[in-house]
Amino acid sequence: MLFSRRLMLGLAMAGTLAGALAFPAMAEGPTEIDLFFPVPVDGKLARDMGTLIKEFNETHPGVKATAVYTGSYDDTLIKTRAAIKAGKPPAAVIMSANFLLDMQIENELTNLDSLIAADGTTKEKFLGQFFPALQGNAVINRSVYGVPFHNSTPLLYINADKAKEAGLDPNKPPQTWAELTDWAKKLTKREGDKVTQWGIAIPCAYDYCGWMMETLTMSNGGRYYNEEFGGEVYYDTPSMLGALTWWNDLVYKHKVHAPGATPGPAVSTSFISGNAAMMMLSTGSLTYVRDNAKFNYKVAFIPRNVRNAVPIGGASLIVPAGLEAEKQKAAWTLIKWMTSPEKSAWWSRATGYFAPNMAAYKTPDMVEFLNKNPDAKTAVEQLDVAKPWFATYKTVPVRKNLEDEVMLVLNGKKQPKEALAAAQKAADETLKPYNAETSLKLP
């Protein structure tokens, strides 16, 4: 009986211990992760993100993702870097695609090659899901550091009703800078010295201004930077001088563009209100225009001077450095889900960004959507002439070296040639430490 009582007591204690050991596992719950996301364009993107993350959490009980709004692309970079430095990085970030090189140089990114391999696939097959034009800002030194999520190209938006009033055919949009200048002249309206309708509006504020300068320089036959090396930019060149001179001429010679540096939201507001008959803006604003324009509109390729060429814009999903393995795995689950054909297609329809995943355009909902909204095809068609987005060491300061000077030109305080020489000098100084440790560090 003593043995029996001891056996029963031992079994009871074992059961209690097993219960105690089992309880923490039950209490652990899903892996909690944060997703940093910016809102760089007009529209209801923040609400759409809430919808997307809610669906993810409902369909992935092992992970609980929280979307954290982080402001502009520049703000998101600052906050991500601060979180990494504090030892509390978010698990995933929707990061401006052109910041990846700078972050990789600073050892702030997780190389995604091992996560791709763990899924039993290759880098080539994984990247093969996405449009080739996007890979230049996702791959660094043959390794994958970003997954294209929402991407853009700049577009020419045209108020079709106003074009017809001016005797122009919106179905035959301007193809060259000369044609665009002519259109802008015919679309500009004046009452005495007062302009009541501008022919064209082009944004120039931090971030947008650099992208538009790259756009105009590329369509003028030039290169904004060395795509193979993060220490060189080409600001003081004939192709960029021609681009900035044409922009300046639209303002002060032809008087078809408002003077001053205008932020992106002010440009879209001007277009929606009818104050500007045309604008150059991201395809990421397309849904906003579609939902708010009380007139017929058209979108077209960016006109060329020398060649048709535009830079990629938008963002990639990244995994910051310094994450524990469990959160890294959860982040990868979220990233793959967000960039799948179905979710990529949904996000494109909701926001106006084009879907990076090529298979998105074969989904039934997307086929139906494009049949009803053919304007969404233009950015995708323009990918045939798209190039990587400006990316260097210290991307933001180097970009601002140019943007500060362009703003002075558009405000009538400097001439293009003088401004670009100053921008080049400032950028060379910003890039000097990187060049000293790379191209100028000789054996």
Side-chain angles (χ1 to χ4, degrees), residues 22-39 45-70 76-77 79-97 99-100 103-104 107-123 125-127 129-130 138-140 143-150 315-347 350 355-357 360:
F23 180 76
M26 293 174 61
E28 280 179 4
T31 301
E32 296 189 7
I33 59 173
D34 286 340
L35 167 70
F36 280 10
F37 76 97
V39 178
L45 190 149
R47 189 176 71 189
D48 294 330
M49 179 59 70
T51 300
L52 194 69
I53 295 302
K54 182 175 183 291
E55 182 182 353
F56 173 79
N57 287 333
E58 289 172 348
T59 55
H60 295 77
V63 182
K64 182 182 178 183
T66 300
V68 180
Y69 171 59
T70 45
T76 299
L77 177 63
K79 291 175 182 178
T80 300
R81 284 181 153 162
I84 293 171
K85 189 174 182 180
K88 298 179 180 179
V93 184
I94 299 174
M95 184 64 68
S96 183
F99 293 164
L100 270 61
M103 294 187 74
Q104 188 269 341
N107 298 312
E108 296 168 328
L109 288 183
T110 295
N111 185 318
L112 303 178
D113 290 357
S114 60
L115 292 169
I116 293 171
D119 287 335
T121 188
T122 64
K123 291 180 290 184
K125 287 182 180 179
F126 179 78
L127 288 172
Q129 303 174 80
F130 307 102
V139 177
I140 303 169
S143 287
V144 181
Y145 284 91
V147 182
F149 173 60
H150 66 209
S316 297
L317 279 156
I318 60 138
V319 177
L323 275 177
E324 56 198 65
E326 184 182 13
K327 290 198 173 186
Q328 197 177 90
K329 185 177 178 181
W332 188 237
T333 299
L334 174 63
I335 288 171
K336 289 187 294 181
W337 183 83
M338 289 177 70
T339 57
S340 66
E342 294 76 16
K343 297 309 154 195
S344 190
W346 182 88
W347 187 254
N357 193 315

Are side-chain heavy atoms of Pro30 and Pro61 found at a separation under 4.5 Å? no

Would you indicate whether Lys329, at its atom NZ, is surrounded by more than 12 heavy atoms from other residues, nucleotides or ligands within a distance under 6.0 Å? no

Show, in sequence, the C-alpha distance, side-chain angles and deciding distance for Leu109 and Met95, and conclude whether the side-chain contact (heavy atoms from CB on, under 4.5 Å) test is met. CA-CA 11 Å; Leu109 288 183; Met95 184 64 68; over 6 Å; no

Under the side chain to side chain donor-acceptor pair (under 3.5 Å) test, which residues partner Thr76, sequence neighbours left out? Thr70

Would you check if Ile94 and Phe36 make a side-chain contact, meaning some heavy-atom pair closer than 4.5 Å? no

Distance (rounded to the nearest 0.5 Å) between Lys123 NZ and Asp113 CG: 4.5 Å

In the structure I gave you, are the side-chain heavy atoms of Val68 and Phe37 within less than 4.5 Å of one another anywhere? no

So, for Thr339 and Ile335, which heavy atoms are closest and what is the spacing to 0.1 Å? OG1-O, 2.8 Å

Lys54: what forms a salt bridge (charged side-chain N to carboxylate O under 4.0 Å, His left out) with it, not counting sequence neighbours? Glu58

Asn57: side chain to side chain donor-acceptor pair (under 3.5 Å) partners, not counting sequence neighbours: none

Output the distance between atom OG1 (Thr110) and atom CD1 (Ile318), rounded to the nearest 0.5 Å. 8.0 Å

Sorted by chain and number, sequence neighbours left out, side chain to side chain donor-acceptor pair (under 3.5 Å) with Lys125 holds for none

Could you give the distance from OG1 (Thr66) to CD1 (Ile33), rounded to the nearest 0.5 Å? 8.5 Å

Leu100 to Gly146 - nearest heavy-atom pair and separation: CD2-CA, 3.6 Å

Excluding sequence neighbours, so at least two apart, what forms salt bridge (charged side-chain N to carboxylate O under 4.0 Å, His left out) with Lys336? Asp119

Going by salt bridge (charged side-chain N to carboxylate O under 4.0 Å, His left out), name the residues that satisfy it together with Glu55, two or more places apart in sequence or in a different chain. Lys343

Set of ring pair (Phe, Tyr, Trp, His ring centres under 6.0 Å) partners for Trp346, sequence neighbours left out: none

With a 4.5 Å heavy-atom cut-off, do Leu35 and Met49 have their side chains touching? yes

Hey, could you give me the CD/CG distance between Gln129 and Asn357, rounded to the nearest 0.5 Å? 5.0 Å

State which residues pass side-chain contact (heavy atoms from CB on, under 4.5 Å) with Ser96; sequence neighbours excluded, sorted by chain then number. Tyr73, Asn98, Phe99, Trp389

Using the ring centroid of each side chain, check whether Phe126 and Trp332 are separated by less than 6.0 Å. yes

Pairs in or reaching into residues 317-327: which pass side chain to side chain donor-acceptor pair (under 3.5 Å), with residues at least two apart or in two chains? Thr31-Glu326

Using side-chain contact (heavy atoms from CB on, under 4.5 Å) as the criterion, list what pairs up with Pro356, not counting sequence neighbours. Phe130, Leu134, Pro148, Asn151, Ser344

For Arg47, is there any backbone N or O sitting under 3.5 Å from a side-chain donor or acceptor partner on Thr51? yes

More than 12 heavy atoms from other groups under 6.0 Å of NZ on Lys79: yes

Reported NZ-to-CG distance for the pair Lys64 and Leu334, which is rounded to 0.5 angstrom: 14.5 Å

Using 30° and 60° as the class boundaries, would you call the ring planes of Trp347 and His150 parallel, tilted or perpendicular? parallel

Taking the side chain as every heavy atom from C-beta outward, state whether Phe56 and Thr333 have any pair of such atoms under 4.5 Å apart. yes

Do the non-hydrogen side-chain atoms of Leu112 and Val147 ever get within less than 4.5 Å of each other? yes

Using only heavy-atom distances, determine whether the side chains of Asn111 and Ser143 contain a donor-acceptor pair under 3.5 Å. yes

side-chain contact (heavy atoms from CB on, under 4.5 Å) involving Leu127 - partner list, sequence neighbours excluded: Gln135, Val139, Val144

Of the options Leu317, Thr80, Ile84, which is the one that meets Val93 in a side chain to side chain contact (heavy atoms under 4.5 Å, CB included)? Thr80

According to side chain to side chain donor-acceptor pair (under 3.5 Å), who are the partners of Glu342, at least two apart in sequence or on a separate chain? none

Value for CD1 (Ile116) from OG1 (Thr122), rounded to nearest 0.5 Å, stands at 8.5 Å

